[in-house]
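For reference, the structure discussed in these notes is given below.
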Amino acid sequence: MARLTGVQRVWEASMIIACVFAFFLLLALVSFHPGDPGWSQAGLQLDVHNWVGATGAWVADLLLFSFGFLAYLMPFGAAFLGWFLFQHIKSLDEFDYLTIGLRIIGGLLMALGATGIASINFDDIFNFSAGGFVGDVISSALVPYFNTAGTILLLLCFFCTGFTLLTGISWLTIVDRLGEMALWLVRKCIALPQQTMALQLPKLALPSRSQDSNGSELDITSMRAEPPAETATPNSIDTHSSKDTHNISPNHSSKDTHNTSPNNAGVTDTQKAVDTHQDILSTQDTHNRQRSEPTLGDLEAFLDDEPPFSITSSSSDSNASPQQTKNSGFSLSGLRDAVKNKVSTEKTPTASDTAPDQEPSVATSDRSKEDSEQTSAQPQVNKTSEPFKRAALGATAIEVQEGEGDEPVTPMPSFDLLERADKHENPLTQEEMDAISRLVEEKLADFNIEATVVGVYPGPVITRFELDLAPGVKVSKITGLSKDLARAMSAISVRVVEVIPGKSVIGLELPNKKREMVRLSEVISCDAFQSHQSPLTMVLGADISGKPVIVDLAKMPHLLVAGTTGSGKSVGVNVMILSLLYKSTPEDVRMIMIDPKMLELSVYEGIPHLLAEVVTDMKEAANALRWCVGEMERRYRLMSALGVRNLKGYNAKVTEAISQGTPIKDPLWKSEESMETEAPDLEKLPAIVVVVDEFADMMMIVGKKVEELIARIAQKARAAGIHLVLATQRPSVDVITGLIKANIPTRIAFQVSSKIDSRTILDQQGAETLLGMGDMLYLPPGSPVPTRVHGAFVDDHEVHAVVADWKRRGQPKYIDEILNGEASAEVLLPGEQPDGEDQEFDAFYDEAVAFVTETRRASVSSVQRKFRIGYNRAARLVEQMEASGVVSAQGHNGNREVIAPPPVKE
Ligand SMILES: Nc1ncnc2c1ncn2[C@@H]1O[C@H](COP(=O)(O)OP(=O)(O)OP(=O)(O)O)[C@@H](O)[C@H]1O
């Protein structure tokens, strides 16, 4: 059984005392008798009428004397205070003194305002003033200066300001809610006659549930699928008026279903409504269900449409569409509860569940408002939200198709999909820290090292002790002793930080006895991440003091991740990918994922950010890298044609031209290479992130080619917006070669098994003393000093939830070329043969030779047209013919002569 902490026990005891006290006050006030002896008058102690005795009479008298009518609110105030403290404050460090101060001031202002107003306006109560002594004093002090009207105004001002300070509720919100409530009531009244009629009709039409179940299902389905006449309600206007089935919205369908359920009250009918709904779902094929059938989510959303009575529940109320409001015609709360039982087991959390204040900052309020209006108010289901409609890579335009199922309301996935972090506890007390500091000094002294601990920094995973070394003590001596120190201090490992930038001390990092887990949800929701401008912002985890570490892949511009198996690499890569999915839409960032292990990245299959299926075949992986080289070269040519220096400049120019209505035509377009008659317009280019989960496997299988392709991308791709994230569990020199290291300056090392491995990754030791499970050293670009980061943890089900959420927002449209494309001349590595070096000739070669020799025309475009192949392949065929002497080399006018005779006809 969970026990309460010390502070919690005090709060619980306070709550009990407050409640009992409140009840005592209530009894005392309710049974107050003016004849009883009290604070303001004498009486016989023997003859007390008050239910809670002389003390009650005395307290009630004091309260009524001081506050008048307001005294009757005091028992409720006391009970609320007890409950509030118990509910909201779990430990002393949660006290927000500013808020508490404001609440006290607010309470006092309200009391002064209320008693003053009562004192002026109301009749006496018993023999006390209506506002009590306090009200009399305040009103009599103000009236001479402000007259009665001015005093009341001033006291109203006290009351209203006090209310806001005490409760934190804005008066504007109250006014809004009152307005909504009034409108809701008016709509209800207007819709009442229609709903009464609607309730009459289904009673006649709905078949009884006691029929054979199949029959009943069919009947209900047919009623839903053919809305006219008998089943349609007068307010399903869209369903009636349109013959286009796409115009039947899930909301409408679900409403129709509700309206057809008889006797809309009581548990049995509630269950029937739910059953009816499920019957409908069961009779439809999956596709139709997703497109036009109501889902349980819709039913629940519909049922959530309650009158805006609650001031606090603003988000769901304000999202209610007029249509929904119109249709909410029967006992909602019971039905809603029944459905929510049904629904909660099936429903994966959706972004629409999020309160608006939990959105990432990229979710601008306008956009989300627009989206929510569209989803709730428009009858179409077949629509794609604008930002994802077109995200094109110039000539090779890629569209994101609309996702399956319900379209989420918010523009980005909600942080609610991630698991909440546990509450952090201070790992060490001051005494413990002092004791360990002394121990560290003693142990160092055992090794003849004179040092003083000058600072202790406890964090979630380790505690850093800063040491001031005596003059003449070399740091390397302590580094060399790190294992001995770990043994002497019974720690798993001790990391020595030789240089702390900006300080003259060294650091000694000791693992905490109790390690805390850094959850993705706690670091990703920080301001630094949300307000970062770059679409390639990623969160890695928390630094040694627990602050989130945010990095920008665009600045890296490539990242090498290494660590032994089980060190937390895959979780780290998942965290990086999820960061991108929380930061950027497919319009801004696209990804290619290469996963030789076929385990880690396949979960992302189907998200709209993907440019190609998750690659598991290594031949295809090489093709993908080659495609990136081609895309990089193409982007460079585009950028130079537009006179810009990087992707940001390119996108700014293209977007501006589009917004001015004069889109720029693709300057690289060649009429002979395309079927189009006119150059296409340039569009915004997304950044491309290539994630390789185990690139050692790729190097082993495909060989040197991969290394060279990676080096080629790494050298040049920064400006083109193509970024590599390479992870490996084999940090050996045959995998992380000099060529790769030279081109990828940003590295992350998780725990490794030896100093040598650490040097291979970071060019320095240290990673071998990491603690595993996401503990990492991050070497930022251009910095020789690595930063220790405790990687954020994200569980598989969180990854699944975010992936499912993105899948609902859109589908990827893969570019076939990426995996199966041919290598054009410009992406071939030095000395490399065109694609298919092992094959002798193209499959079309013989036919192409026959065609060229027959027609006596050796032009690339004619071969291209004849065999309906790409320009590159056709050009290669002609080049092969040239190499075999079938056609001549290109003449000065670009033409070739056909040398070989035409084939002999039989
Ligand atoms: N940031 C973290 N916080 C806490 N625990 C973690 C963290 N990262 C990883 N772990 C734990 O370490 C285990 C191994 O992590 P992970 O699968 O990422 O290792 P890996 O280096 O990818 O191993 P492999 O190369 O064999 O796949 C996880 O199952 C998890 O329990």
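What you are looking at is a predicted structure, and each value in this text was computed from that prediction instead of being measured. Counting from 1, the numbers follow the sequence of the chain as shown.
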- Heavy-atom donor-acceptor pair, R495 side chain to T769 backbone, under 3.5 Å: no
- Query: With sequence neighbours left out, what residues match E498 under side chain to side chain donor-acceptor pair (under 3.5 Å)?
  - Reply: T479
- Message: Can you list everything that forms a side chain to side chain donor-acceptor pair (under 3.5 Å) with D543? Sequence neighbours excluded, please.
- Response: S545
- Item | Spacing of CZ belonging to R718 relative to CG belonging to L647, to within rounding of 0.5 Å | 13.0 Å
- Hey, are the side chains of Q764 and L779 touching, using non-hydrogen atoms and a 4.5 Å cut-off? yes
- Query: When rounded to the nearest 0.5 angstrom, what is the spacing between CG in L771 and CZ in R515?
  - Reply: 6.0 Å
- Task: Indicate yes or no for a side-chain donor-acceptor contact from N512 to the backbone of G459 under 3.5 Å, with no hydrogens or angles considered.
- Result: yes
- Tell me, please, which residues at least two apart from T564 pass side chain to side chain donor-acceptor pair (under 3.5 Å). none
- Closest contact, heavy atoms only, A562 versus I761: CB-CD1, 3.4 Å
- Message: Checking S437 against V456 for the side chain to side chain contact (heavy atoms under 4.5 Å, CB included) test, could you report, in this order, the C-alpha distance in whole Å, the side-chain angles of both residues, the deciding distance, and whether it holds?
- Response: CA-CA 8 Å; S437 304; V456 184; 3.5 Å; yes
- The complete set of salt bridge (Lys or Arg N to Asp or Glu O under 4.0 Å) pairs with one or both residues in residues 731-750, sequence neighbours excluded, reads R730-D734, K741-D763, R747-D763
- Query: OG1/T537 to CZ/F529 distance, rounded to the nearest 0.5 angstrom?
  - Reply: 6.5 Å
- Sequence neighbours left out, what pairs pass salt bridge (Lys or Arg N to Asp or Glu O under 4.0 Å) with at least one residue falling in residues 551-563? none
- Item | Worked verdict on V440 versus L510 for side chain to side chain contact (heavy atoms under 4.5 Å, CB included) | CA-CA 10 Å; V440 169; L510 294 178; 4.2 Å; yes
- Message: The test is salt bridge (charged side-chain N to carboxylate O under 4.0 Å, His left out); show your working for E768 and R759 and say whether it passes.
- Response: CA-CA 10 Å; E768 75 285 356; R759 285 208 195 95; over 6 Å; no
- Give, for atom CG of L578 and atom OG of S521, the distance between the pair rounded to the nearest 0.5 Å. 11.5 Å
- Query: Does K514 reach the side chain of V461, with side-chain heavy atoms less than 4.5 Å apart?
  - Reply: no
- Task: Answer whether the closest heavy-atom distance between the side chains of R464 and I500 falls below 4.5 Å.
- Result: yes
- Note on the structure: Nearest heavy-atom approach of Y636 to A719 is OH-CB, 3.6 Å
- Query: Taking the six-membered ring for Trp, are F415 and Y582 ring centroids under 6.0 Å apart?
  - Reply: yes
- Message: Under a 4.0 Å threshold between the charged nitrogen and the carboxylate oxygen, would R634 count as salt-bridged to E631?
- Response: yes
- For P780, does its backbone N or O pair with a side-chain atom of S783 as donor and acceptor, under 3.5 Å? no
- Message: Contact between L418 and V802 at the side-chain level, heavy atoms closer than 4.5 Å - yes or no?
- Response: yes
- Pairs meeting criterion ring-ring contact (aromatic ring centres under 6.0 Å, His included) with involvement of residues 590-620, two or more places apart: H609-W806
- Apply side-chain contact (heavy atoms from CB on, under 4.5 Å) to T616 and list each qualifying residue two or more places apart in sequence or on a separate chain. M598
- Task: State, yes or no, whether a side-chain contact exists between E600 and V571 at a heavy-atom distance under 4.5 Å.
- Result: no
- Query: Are the side chain of D595 and the backbone of L599 linked by a donor-acceptor contact shorter than 3.5 Å?
  - Reply: yes
- Item | salt bridge (Lys or Arg N to Asp or Glu O under 4.0 Å) contacts touching residues 783-793 (sequence neighbours left out) | E509-R788, D775-R788
- So does K597 have more than 12 non-hydrogen atoms from other groups sitting under 6.0 Å from NZ? yes
- Can you list the steps and then say if L601 with I577 is a side chain to side chain contact (heavy atoms under 4.5 Å, CB included)? CA-CA 10 Å; L601 300 178; I577 296 174; 3.7 Å; yes
- Residues in side-chain contact (heavy atoms from CB on, under 4.5 Å) contact with A486, at least two apart in sequence or another chain: V494
- Item | I748 versus M576, closest heavy-atom pair with distance | CD1-CE, 3.9 Å
- Message: I'd like to know if the side chain of R487 reaches the main chain of S493, judged simply by a donor and an acceptor atom lying under 3.5 Å from each other, with no hydrogens or angles considered.
- Response: no
- Message: P548: which residues meet the side-chain contact (heavy atoms from CB on, under 4.5 Å) condition with it, sequence neighbours left out?
- Response: V523, C526, I550
- Message: If you count every heavy atom of other residues, nucleotides or ligands that lies below 6.0 Å from I756 atom CD1, does the total exceed 12?
- Response: no
- Can you check whether Q530's main-chain N or O pairs, donor with acceptor, with K583's side chain at less than 3.5 Å? yes
- Heavy atoms of L770 and Q751 approach each other most closely as O-NE2, 3.0 Å
- Message: If I compare all heavy atoms of I524 with all of S579, which pair ends up nearest, and what's the gap?
- Response: CD1-CA, 4.1 Å
- Which pair of heavy atoms, one from V575 and one from L540, lies closest together, and at what distance? CG1-O, 4.2 Å
- SB check R626 E708 (cutoff 4.0 Å): no
- Item | From N623 atom CG to I592 atom CD1, the distance as rounded to the nearest 0.5 Å | 11.0 Å
- Message: The test is side chain to side chain contact (heavy atoms under 4.5 Å, CB included); show your working for V453 and L467 and say whether it passes.
- Response: CA-CA 5 Å; V453 175; L467 297 176; 3.5 Å; yes
- Query: Is there side-chain contact between H723 and L559, with heavy atoms separated by less than 4.5 Å?
  - Reply: no
Show me, pair by pair, the donor-acceptor contacts under 3.5 angstrom made by side chains of residues 689-697, not counting sequence neighbours?
from	atom 1	to	atom 2	distance (Å)
E694	OE1	Q729	N	2.9
E694	OE2	A696	N	3.1
E694	OE2	T728	OG1	2.9

- Mind checking whether V497 and I506 have side chains closer than 4.5 Å, heavy atoms only? no
- Query: Is it the case that Q765 and S758 place a side-chain donor and acceptor less than 3.5 Å from each other?
  - Reply: no
- Note on the structure: In this structure, CZ of R519 is separated from CG of D795 (nearest 0.5 Å) by 6.0 Å
- Query: Under 4.5 Å between any side-chain heavy atoms of H790 and I544, yes or no?
  - Reply: yes
- With sequence neighbours excluded, residues passing side chain to side chain donor-acceptor pair (under 3.5 Å) with H797: E419
